[in-house]
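Below you'll find the structure, written out as structure tokens, and then a few comments.
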Amino acid sequence: MTDQTTRFNLAMRVLHWSMALLIFAMIFAGLAMVRALEPWQLTLLGLHKSFGVLALLLLLLRFLIRIKSSTPSLPSGMSTIQVKLAKFSHWLLYALMLIIPTSGLLMQYYAARPIVVFDFFTIPAAMVPHIEYFAVFREGHSLAILLLITVLAVHIGAALYHHFIRKDGVLKKRKISDTHYYLHQKQKTRKNKSMTPITINRLHV
């Protein structure tokens, strides 16, 4: 097998961990904004919106790379139901990562609040507020975040279970560093070379 079939390619691995950090940071920032009424809340809100746009762009990039790249198979020994659940949760995560920033953008649009993205460009909003649409997308945004937190908890729990209990190398497929992989391949090559003379000798006997 090649590196690309035994693990996700480097671009996918970098995007996976960078988006994971970004999503967790945005979840905590969102919770902080809801619970606090401090002067820094407006600054945090502006950053939250900007990073939300960034998360949406990274998701689109990740999806394009995902459909054009070969991916490793799921660990052997998983039942049919487990495989179906794993694939369902995977695509559910993609759907939620799309729904959450999109609903956030629409929420701000119908609130007539233009979004200034890192002072680089501005996403326009409606000329006048539409409270009913704003309320719908705000509710959808909140519900999608709660569902995302639940799915992430299950996703992380499953990954830890495979890594520590089943020990089937699931997390290694997402590891950014290539050191472990190349050391493993080097050891495998040496082992194959050391076995070759024995095989030849046996053939001559």
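Residue numbers count from 1 along this sequence. The analysis underlying the following values was restricted to heavy atoms, covering all of them including side chains, and did not include hydrogens, waters or symmetry mates.
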Please identify each residue that fulfils side chain to side chain donor-acceptor pair (under 3.5 Å) with [X], with sequence neighbours left out.
X      : result
Arg62  : Tyr94
Ser103 : His141
Tyr133 : none
His48  : none

Please enumerate all residues that pass side chain to side chain contact (heavy atoms under 4.5 Å, CB included) together with [X], with sequence neighbours excluded.
X      : result
Val154 : none
Leu146 : none
Glu139 : Leu143
Leu147 : Leu96, Val151

Any side-chain heavy-atom pair from [X] and [Y] closer than 4.5 angstrom?
X      : Y      : answer
Ile27  : Ile23  : yes
Lys167 : His162 : no
His90  : Arg66  : yes
Pro72  : Phe8   : yes

To the nearest 0.5 Å, how far apart are [atom1] in [X] and [atom2] in [Y]?
X      : Y      : atom1 : atom2 : result
Leu10  : Ser69  : CG    : OG    : 11.0 Å
Phe51  : Leu58  : CZ    : CG    : 10.5 Å
Phe24  : Ile149 : CZ    : CD1   : 9.0 Å
Lys68  : Phe63  : NZ    : CZ    : 11.5 Å
Arg113 : Leu105 : CZ    : CG    : 13.5 Å

Test side chain to side chain contact (heavy atoms under 4.5 Å, CB included) applied to Leu15 and Leu59, step by step: CA-CA 8 Å; Leu15 280 171; Leu59 175 65; over 6 Å; no
Do you reckon [X] sits in the same ILVMFWY cluster as [Y], going by side-chain contacts under 4.5 Å, direct or chained?
X     : Y     : value
Ile67 : Leu57 : yes
Met97 : Ile65 : yes
Leu98 : Leu22 : yes
Leu64 : Met12 : yes
Met26 : Leu61 : yes

Arg174, CZ atom: more than 12 neighbouring heavy atoms under 6.0 Å: yes
Tabulate below the donor-acceptor pairs under 3.5 Å that side-chain atoms of residues 115-131 make, not counting sequence neighbours, or state none.
none

Expected output: side-chain Thr102 to main-chain Ile99 donor-acceptor under 3.5 Å: no
Connected-component partners of Ile165 among ILVMFWY, side-chain separation under 4.5 Å: Tyr161
Closest non-hydrogen atom pair between [X] and [Y], with its separation:
X     : Y      : value
Ala32 : Trp40  : O-CH2, 4.2 Å
Lys49 : Gln108 : NZ-OE1, 2.9 Å
Leu45 : Met33  : CA-SD, 3.3 Å

For Arg166, all residues meeting salt bridge (charged side-chain N to carboxylate O under 4.0 Å, His left out), sequence neighbours excluded: Asp168
By ring-ring contact (aromatic ring centres under 6.0 Å, His included) - contacts of Phe137 (at least two apart): Tyr110
